[in-house]
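Heavy-atom basis, side chains included; hydrogens, waters and symmetry copies ignored. This is a predicted model, so every value here is computed, not measured.
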2 protein chains.
Amino acid sequence: MPKPLSSAASKRVAVLKALAHPSRLLITEALMTRELCVCDLRELVGDDLSTVSKHLSLLRSAGVLLSEKRGLNVYYRLSCDCFGEFLKCVDQVGAEPKATRTLFPNCC
Amino acid sequence: MPKPLSSAASKRVAVLKALAHPSRLLITEALMTRELCVCDLRELVGDDLSTVSKHLSLLRSAGVLLSEKRGLNVYYRLSCDCFGEFLKCVDQVGAEPKATRTLFPNCC
DNA sequence: TGGCTATTTGGCAAATTAACCAAGGAGCTT
DNA sequence: AAGCTCCTTGGTTAATTTGCCAAATAGCCA
């Protein structure tokens, strides 16, 4: 049984979990450029449409994406334009071979 | 079967997955202040020692943590000092109620 | 060496997550 | 209204992850 989590912490975990999946990260990266509809995203990731829809729904409920229906299509976009910065941080993690680092230099 | 992933992408996913767990995020946050040994971290998260050790091993292999054995203890520390920035980004995601946002303001 | 402490590893059962198919809206357009 | 397109939801099975116990390893110290 998981121990009670502060709401701030569980929100962080929800966001991270949402992004910690190949298709969902790909979707998020694609949306950094422009909003896209579900069928665009389906083509991008190549999974079954229902699978993509579920990924999108998860990203939306984590607060990562916003959606809007226009006509027949549903368009998704990032809720936040900080993902460039965010991914830069991710890429800095362990950018160097771990064995060669012995202290805290200035890392990133 | 997952489709082939670029190595940069799978590395990103590995880092995000490593952080997307309550205990592992807690550990990572604690290590932002100072390095700690396994027993300190065990006390912090309250799980079985072997569970904590597996979390640490996962974080290390994702490149998030570095470890060093000194005497009987193994000390863990962050591989990177950019986590403050990183978490700031995470917290900005969906910081506003989703419904009220209709476009890209300057968000974060 | 033997014993003690700190940590890791192996193995397994429970819980969670993922992906597909099929069926169900929702909103054009005629 | 009928039919079509786009998307979401329900339900099921497979795969992955989690967490504990027990056993193994590593290093100190008598």
S.K.: What distance separates A:Cys37 SG from A:Tyr76 OH, expressed to the nearest 0.5 Å?
M.R.: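 Nearest 0.5 Å value for the SG-OH distance: 11.0 Å.
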S.K.: Establish, with yes or no, whether the OP1 or OP2 oxygen of C:dT17 is under 4.0 angstrom from a side-chain nitrogen or oxygen of A:Lys17.
M.R.: yes
S.K.: What is the distance, to the nearest angstrom, from the CG atom on B:Leu58 to the P atom on C:dT7?
M.R.: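 After rounding, the gap between these two atoms is 18 Å.
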S.K.: List for me each residue that meets salt bridge (charged side-chain N to carboxylate O under 4.0 Å, His left out) alongside B:Arg70, sequence neighbours excluded, and say none if there are none.
M.R.: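 In terms of salt bridge (charged side-chain N to carboxylate O under 4.0 Å, His left out), with neighbours along the sequence ignored, B:Arg70 is linked to B:Glu35, B:Glu68.
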S.K.: DNA chain C: A:Leu72 or B:Tyr76, which has the more 5' nearest nucleotide?
M.R.: B:Tyr76
S.K.: Map A:Arg24 and B:Asp40 onto DNA chain C by nearest heavy atom, then report which one ends up closer to the 5' terminus.
M.R.: B:Asp40
S.K.: Out of C:dT7, C:dA19, D:dG27, which nucleotide sits closest to the side chain of A:His21?
M.R.: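 Per side-chain heavy atoms of A:His21, the pick is C:dA19.
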S.K.: Please determine, for the side chain of A:Thr51, which listed nucleotide (C:dA19, C:dG27, C:dT8) has the closest atom?
M.R.: C:dA19
S.K.: Check nucleotides 11-14 of chain D for protein N or O atoms closer than 3.5 Å to its own N or O atoms and list the pairs.
M.R.:
from, atom 1, to, atom 2, distance (Å)
D:dG11, O6, A:Lys54, NZ, 2.4

S.K.: Would you compute the distance between atom NE2 of A:His55 and atom CG of A:Leu41 and round it to the nearest 0.5 angstrom?
M.R.: 11.5 Å
S.K.: Expressed in angstrom and rounded to an integer, what is the separation of B:Leu65 atom CG from C:dT8 atom P?
M.R.: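 Nearest whole value for this atom pair: 11 Å.
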S.K.: Can you identify which nucleotide, out of C:dA18, D:dC20, C:dT8, has its nearest atom closest to the B:Asp48 side chain?
M.R.: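 Per side-chain heavy atoms of B:Asp48, the pick is D:dC20.
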S.K.: Can you tell me how far P of C:dA6 sits from CG of B:Leu56, to the nearest Å?
M.R.: 16 Å
S.K.: How long is the straight-line distance from CG of B:Asn73 back to CG of B:Leu36, given to the nearest 0.5 Å?
M.R.: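 Here the interatomic distance stands at 11.0 Å.
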S.K.: Nearest 0.5 Å, please: how far is CG in B:Leu16 from NE2 in A:His21?
M.R.: 12.5 Å
S.K.: Of A:Leu59, A:Leu87, A:Val90, which is the lone residue that meets side chain to side chain contact (heavy atoms under 4.5 Å, CB included) with A:Leu19?
M.R.: A:Leu59
S.K.: Expressed in angstrom and rounded to an integer, what is the separation of B:Ile27 atom CD1 from D:dG19 atom P?
M.R.: 10 Å
S.K.: D:dG27 P sits how many Å from B:Asn73 CG, rounded?
M.R.: 13 Å
S.K.: How close or far is atom P of C:dT5 from atom CD of B:Glu43, stated in whole angstroms?
M.R.: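 Distance check: B:Glu43 CD to C:dT5 P gives 17 Å.
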S.K.: As an exercise, state the distance from CD1 of B:Ile27 to CG of B:Leu56, rounded to the nearest 0.5 Å.
M.R.: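 Atom-to-atom, B:Ile27:CD1 and B:Leu56:CG are 4.5 Å apart.
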S.K.: Looking at the base of D:dC21, is there any donor atom on it, or on the side chain of B:Ser50, that sits under 3.5 Å from an acceptor on the other one?
M.R.: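 Pair found.
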S.K.: Does a side-chain N or O of A:His55 approach OP1 or OP2 of C:dA19 to a distance below 4.0 Å, or not?
M.R.: yes
S.K.: Tell me the interatomic distance from A:Arg70, atom CZ, to C:dA26, atom C1', rounded to whole angstroms.
M.R.: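 A:Arg70 atom CZ is separated from C:dA26 atom C1' by 16 Å.
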S.K.: From D:dC20, C:dC20, C:dT8, pick the nucleotide closest to the side chain of A:Asp47?
M.R.: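 Closest nucleotide to the A:Asp47 side chain: C:dC20.
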S.K.: Without decimals, in angstroms, what is the distance between B:Lys69 NZ and C:dA6 C1'?
M.R.: 7 Å
